[in-house]
Amino acid sequence: MDFKDLTIERAHKGLLDKEFSCAELAKEYSNKAKKLNKDFNIYITLTEEEALKSAQKTDGRISKGEDVGVLAGIPCAIKDLFNTKGILTTCASRMLQNFVPPYDATAIKKLKDEGMVMIGKTNLDEFACGGSTEHSIFGPTKNPVNPQYVAGGSSGGSAAALAADTCLYSLGTDTGGSIRQPASFCGVVGLKVTYGRVSRSGVTSMASSFDTIGPFAKNTRDCALVLQKMAGNDSLDSTTPDKKVPDYLNNIEDGVKGLKIGIPKEYFDENIDKEVSESVMNAVKQLEKAGAKIVQVSLPATKYAVAVYYIVMPAELSANLARFDGIRFGSKPQEEGKTLTDYYFNARGEGFGDEIKRRIMIGTYVLSAGYYDAYYKKAQKVRTLIIKDFEDVFKKADVIIGPTAPAPAFRIGENIEDPLKMYLADALTIPASCAGLPALNVPCGKSKKGLPIGMQIIGPQFTEDLLLKVGRSYESCEQTV
Ligand code: GLN
């Protein structure tokens, strides 16, 4: 049996038709993950034993003729920021290098109920802070398309796990772009959901007014299937409204006839790599051929988004990370010191990496007396302008399309000494994050160097079904070219 190019849907059919068993799938993908991990540093922890156990359970159910869901027995990979009961969960930080959670995140619990087969926990930037997976105590993840390049971040391991075909779907988190950007760099589909659509309970918080969790998949249909099983209200995350979860496959094949697509001029300006804007515009033309109407729009506050995010995010991050003091949470320091302050100082000094320390310093600074009004409060006001921009545009357009990232993947080491350059790579993902909007990355071509390019489809809140439909329509155009 050749397992190459399987999707969730095809694998599910193969399992029901008894072409292969869940255990065979789990073995195949675990072996591949083990082998490729040496080259690409995708996984922090491999969980072959648990994967096999879960696979055998589903095999038992299938052989008894029980109905199993579409995700039952399907190999997946999980960002090492999600609590997984009894399995090391490091957040790629020295602070949590020995942390074994006593409970599962809600998303994990829901997927376990579906018969989840987890191949392993994937690499990330420490506490999800970064855009390249280089800020991990385990070293950078390499891009499976070309190992000299970064896989993106912070969910670089999850994107790479899929691009290297070591699983059939994976989970990541997206605060300022951490699903969309690595999906774009690795050439896979990645969905940032509406703020509140999926429960974040049991996932380590980064910046609570932005944090979302979502799926990576090989295509939009698979992406819809994973979202379906995770979305919805959860009493453990009060930001999840009791809003009906639609059937995400219901209208996915309906096409884009009559749909208005807004093209924001700020997403195609001189800061965007030529090859990237060309690829995205080619994709837009295909959608136009399929019946969509193109409207030119403007999101003038886009230019402030990076500045806003890099004030509000560190403010929230510094508050969230305050609990890691070596006493309430986190590793003990090697030297305890004489006073309690020494203890905290040592625990946090040893436990956090440089990028985390930088963000804690910025965060506490912008929140401190005297600077709060000048930075934090002002940034929150500008955030409202960004939200308003989108509201205005959605009066004229059903969705917005632009590039996901200003340029294809950069080389490992290229931006590591220049935080500002690294932050600017988030310029096109941050605006939707500021407004809590859903946004989908769909691969739409390759650069001359062979690096993937992704387009970003952004919609009003709770329009994941619409975004998936647009993405699917583009995938169908591609298949007929
Ligand atoms: N690259 C962004 C940052 O470093 C996004 C991170 C994220 O979405 N988790 O903050």
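Just follow the structure's listing: the first ligand is 1, and inside any ligand the first atom is 1. Numbers here are sequence positions counted from 1.
Near ligand 1, heavy-atom contacts under 4.0 Å come from Ala128, Cys129, Gly130, Gly131, Ser154, Asp174, Thr175, Gly176, Gly177, Ser178, Met206, Tyr309, Tyr310, Met313, Arg359, Asp426.
Counting non-hydrogen atoms of other residues, nucleotides and ligands closer than 6.0 Å to NZ of Lys85 gives a total of 12 or fewer.
Between the side chains of Gln461 and Thr194, no donor-acceptor pair is found at a separation under 3.5 Å. Between the side chains of Ser155 and Lys79, at least one donor-acceptor pair of N or O atoms lies under 3.5 Å.
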Next item on the list: List the steps, then state whether side chain to side chain donor-acceptor pair (under 3.5 Å) holds for Asn320 with Ser205.
Entry: CA-CA 7 Å; Asn320 279 329; Ser205 308; 4.5 Å; no
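Using bins of under 30°, 30° to 60° and over 60° for the plane-to-plane angle, the ring pair Phe324/Phe352 lands in the perpendicular bin.
Lys121 pairs in a side-chain hydrogen bond (donor to acceptor under 3.5 Å, both in side chains) with only one of the listed residues (Thr45, Thr89, Thr90), which is Thr89.
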